[in-house]
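The basis for the numbers below is simple: all heavy atoms, side chains too, and nothing from hydrogens, waters or symmetry mates. By convention in this document, chain letters (A, B, ...) are assigned in the order of the sequence lines, proteins followed by strands, and residues within each chain are numbered from 1.
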Amino acid sequence: MCSVCESEFGESSLPCMFFFTRGLFTTVAPTCSSPSNQIKTFLSKGLYYHILQLFTQLHLSAHYSIPFLLPSVIRASSSAQCHAFATQLHCFALKTAYHSEAVVSNSIITMYAKFSDVESARQVFDTSSHRDPITWNSLINCYLQNGCFEEALEVLKDAYLHGLVPKPELLASVVSVCGRKIGSRRIGTQIHALVVVDERIGQSVFLSTAFLDFYFRCDDYLMALRVFDGMEVKNEVSWTAMISGCIANQDYDEAFPCFRAMQAEGVFPNRVTSIALLQACAEPGFFKHGKEIHGYAFRRGFESCSTFSSALINMYCHCGESLHLAELIFEGTCCRDVVLWSSVIGSYSRRGDSHKALELFNKMRSEETEPNYVTFLAVISACTNISSLKCGCGLHGHVFKCGFSFSISVGNALINMYAKCGCLDGSRKIFQEMWNRDSVTWSSLINAYGLHGCGKQALHLFYEMRERGVKPDAITILAVLSACNHAGLVAEGQQIFKQVNADCKIPLTIEHYACLVDLLGRSGKLEDALEILKIMPMKPSARVWSSLVSACKLHGRLDIAEMLAPHLIRSEPNNAGNYTLLNMIYAEHGHWLDREQVKKAMKLQRLMKCYGFSRIEAGDESF
DNA sequence: TCTCCAGTCC
């Protein structure tokens with residue numbers, strides 16, 4: 001048996017004879033058959049130098065097979081991440097002039113694309129004498145894979161002008177990027193127009209699905225529906241794109257009938273369909289569908305996929321009482337990737353079980369899974385919930401060590417964490433050290449100032465933010481109003497509210513109105529607060545009523561409190577706190593009869609006053 | 001070749 005290609009039979013071939021006679025393989029018997037078999041064996045054993053030797057010999061003997069063999073070896077070496085060997089193969093092609101064959105240069109372009117060496121790929125394209133449609137495709141794909149969207153479009157345009165008709169598969173990739181890239185809507189629509197006008201391109205289910213997804217991502221629901229209805233053939237991917245589109249638009253009532261229609265048409269939902277549907281099942285009222293999808297996926301064997309497990313766990317975590325199921329699935333998943341860990345840690349953190357979230361983070365590290373920035377967001381949030389500065393500082397250190405100091409989101413989470421842990425200096429320092437900031441960064445520090453009663457500084461920062469051209473959003477406004485509220489800056493808060501309301505650029509929500517009403521009430525401007533109640537475009541929430549009644553208590557305005565009392569009780573009939581508040585107001589003014597009535601009403605509702613208590617924690621977690 | 005999972009500020 002030949003020890004190179006391990007074949008049992010075959011006649012002596014030229015290359016093996018050569019190696020044998022030159023003593024390159026003194027232990028090899030010359031019984032190999034074809035060069036391609038030998039290459040396969042060399043590749044599987046990692047004997048790259050021997051492949052180069054073999055190519056040299058084939059070239060010297062003018063063997064015809066090189067233009068056929070070289071591309072497949074280049075492809076194999078790029079799949080195996082052998083950068084150095086792949087570059088040597090390129091050198092070999094240059095030296096032997098095989099690079100002038102389109103099939104060879106195409107494979108070299110694809111190889112450089114895989115190694116993210118866009119410049120080398122471009123150089124090969126520019127110097128190649130024979131370009132076929134695949135050469136153009138390879139370069140466009142190279143740009144797309146490496147995030148160079150503008151360059152990809154330039155080449156696509158060039159190719160079209162050179163008379164090349166782009167393949168639907170290629171256009172599908174381009175359209176897919178258009179949907180994901182902000183500001184590329186026009187290009188996607190132009191490509192759609194081109195496909196409609198130029199009949200040479202032809203229709204394909206891939207391309208139509210890409211357009212369907214594209215229009216959903218552009219929030220053009222009607223166009224998406226037109227594309228979907230116009231599709232002659234629909235496969236599981238097109239149905240999945242339709243279902244995902246409905247879910248992204250929060251149109252859950254449409255997503256499930258679509259899923260039924262898909263099955264009725266005889267199209268089997270795949271793993272991606274199940275994952276997309278699980279997202280919708282996490283919404284209140286759709287949990288029963290989630291169990292159904294779980295059962296279906298179990299039968300189809302999707303459960304072994306970590307992406308699926310992640311979506312499943314997320315769904316069970318969102319459905320409150322099913323956390324034990326989420327835990328069971330998590331324990332039963334053998335391949336836990338960083339997404340799965342982050343998902344579980346995030347779920348515990350959101351539910352307020354911060355200690356469990358931190359414990360899982362430690363477990364994740366002990367299992368040697370590297371956290372990413374989403375993991376840090378989840379675990380920093382957990383630490384913020386328990387206001388543990390010691391734990392937060394430890395996490396900050398980890399963030400630094402793991403190289404996530406440059407992440408804006410992580411920086412924002414740290415600003416919030418330091419503020420909630422009582423360390424305003426920490427928040428300020430993070431803000432100052434951040435290389436890039438977004439509107440959330442500014443909102444976070446404004447909020448931090450507000451929490452610490454530094455209203456003036458919060459306002460100053462808000463003005464600076466606007467001067468620097470960073471657009472505030474609804475949350476920034478809420479943070480500023482809240483800061484004004486904490487610091488008693490009534491005039492400033494009122495002015496900002498008026499400005500934002502007049503601009504109409506930022507939609508004001510019930511929270512903004514509640515904050516303003518609270519601000520006015522606390523400062524004794526109860527009549528102004530009542531005016532706001534009249535003009536607000538939404539129904540006042542229980543929080544608005546209770547903050548106003550509290551303000552009445554603070555400023556001794558029994559008259560207004562009595563007027564508001566029925567609204568307060570109606571907004572939250574089962575909240576004992578509201579009755580207690582009224583009790584106290586009546587008692588303070590000596591209205592004992594009214595007080596008795598409130599007490600009776602409380603009894604009637606079988607409500608008990610909840611007494612405050614301090615919780616003693618077992619101990620701080622160590623990091 | 002198109003479709004899918006975790007997320008900071010209130």
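- Rounding to whole angstrom units, CG of residue A:D473 and P of B:dC10 are separated by 11 Å.
- Checked against side chain to side chain contact (heavy atoms under 4.5 Å, CB included), A:D473 has the following partners two or more places apart in sequence or in another chain: A:S439, A:S443, A:I475, A:T476.
- The nearest whole Å value for the distance from the CZ atom in A:F330 to the P atom in B:dA6 is 16 Å.
- Per the geometry, CZ belonging to A:F462 stands 16 Å off P belonging to B:dC10, to the nearest Å.
- Evaluation of the salt bridge (charged side-chain N to carboxylate O under 4.0 Å, His left out) rule for A:R217 yields A:D213 as partners, not counting sequence neighbours.
- Here A:S381 pairs with A:S349 under the side-chain hydrogen bond (donor to acceptor under 3.5 Å, both in side chains) rule; sequence neighbours left out.
- Using a 4.0 Å cutoff on non-hydrogen atoms, the parts of residues 233-265 of chain A near DNA chain B are A:V237, A:T240, A:S244, ordered by number.
- Put simply, OG on A:S204 and CD on A:E169 are 6.0 Å apart, with the number rounded to the nearest 0.5 Å.
- Across all strands, A:N372 comes closer than 4.0 Å to base atoms (heavy-atom distances).
- At the heavy-atom level, A:F376 lies nowhere under 4.0 Å from the strands shown.
- A:L445 contributes atom CG, which lies 6.5 Å from atom OG of A:S427 (distance to the nearest 0.5 angstrom).
- Under the rule for a ring-ring contact (aromatic ring centres under 6.0 Å, His included), the partners of A:F406 that lie at least two apart in sequence or sit in another chain are A:W435.
- Regarding A:L277, its CG atom lies at a distance of 11 Å from the P atom of B:dC5, rounded to whole Å.
- Of the listed nucleotides (B:dT8, B:dC5, B:dC10), B:dC5 has the atom at the smallest distance from the side chain of A:A311.
- Remark: A:N314 is in phosphate contact with B:dA6, judged by side-chain N or O atoms under 4.0 Å from OP1 or OP2.
- A search for ring-ring contact (aromatic ring centres under 6.0 Å, His included) contacts involving A:Y143 returns nothing, not counting sequence neighbours.
- Of the candidate nucleotides B:dT3, B:dC5, B:dA6, B:dT3 has the atom lying nearest to any side-chain atom of A:N270.
- Residue A:T307 is in base contact, counting any heavy-atom pair closer than 4.0 Å across all strands shown.
- Between the C1' atom of B:dC5 and the NE2 atom of A:H318 lies a distance of 12 Å, rounded to the nearest Å.
- Using a 4.0 Å cut-off, some side-chain N or O of A:S173 falls inside it from OP1 or OP2 of B:dC2.
- Taking a cutoff of 4.0 Å between a charged side-chain nitrogen and a carboxylate oxygen, A:E464 and A:R468 qualify as a salt bridge.
- Here the nucleotide nearest the side chain of A:S176, chosen from B:dC2, B:dG7, B:dC5, is B:dC2.
- The salt bridge (charged side-chain N to carboxylate O under 4.0 Å, His left out) check on A:D425 picks up A:R428, with sequence neighbours excluded.
- Under the side chain to side chain contact (heavy atoms under 4.5 Å, CB included) criterion, A:S274 pairs with A:I293, A:Y296, A:F302, A:F308, not counting sequence neighbours.
- Rounding to whole angstrom units, CD1 of residue A:I475 and C1' of B:dC10 are separated by 5 Å.
- Sequence neighbours left out, the pairs with a member in residues 216-275 of chain A that pass ring pair (Phe, Tyr, Trp, His ring centres under 6.0 Å) are A:F216-A:Y221, A:F228-A:W239, A:Y252-A:F286, A:F256-A:F286, A:F256-A:H289.
- Of the residues in residues 412-429 of chain A, those lying under 4.0 Å from DNA chain B by heavy-atom distance are A:N412, A:N416, A:K420.
- Side-chain proximity of A:V339 to B:dG7, B:dC5, B:dC2: nearest is B:dC5.
- Between A:H318 and A:F287, the ring centre distance reaches or exceeds 6.0 Å.
- Proximity of A:Q279 to the phosphate of B:dC4: no side-chain N or O atom is located under 4.0 Å from OP1 or OP2.
- Backbone-only engagement by A:R180 is indicated by non-hydrogen atom pairs under 4.0 Å involving sugar-phosphate atoms exclusively.
- Atom P of nucleotide B:dC2 and atom NE2 of A:H192 are separated by 17 Å, given to the nearest angstrom.
- Pairs of residues two or more places apart, or lying in two chains, that qualify as ring pair (Phe, Tyr, Trp, His ring centres under 6.0 Å) and include a residue from residues 439-479 of chain A are A:F431-A:W442.
- Within a heavy-atom distance below 4.0 Å of DNA chain B, the residues of residues 211-218 of chain A found are A:D213, A:R217.
- A straight line from CH2 of A:W341 to C1' of B:dC5 spans 17 Å, rounded to a whole angstrom.
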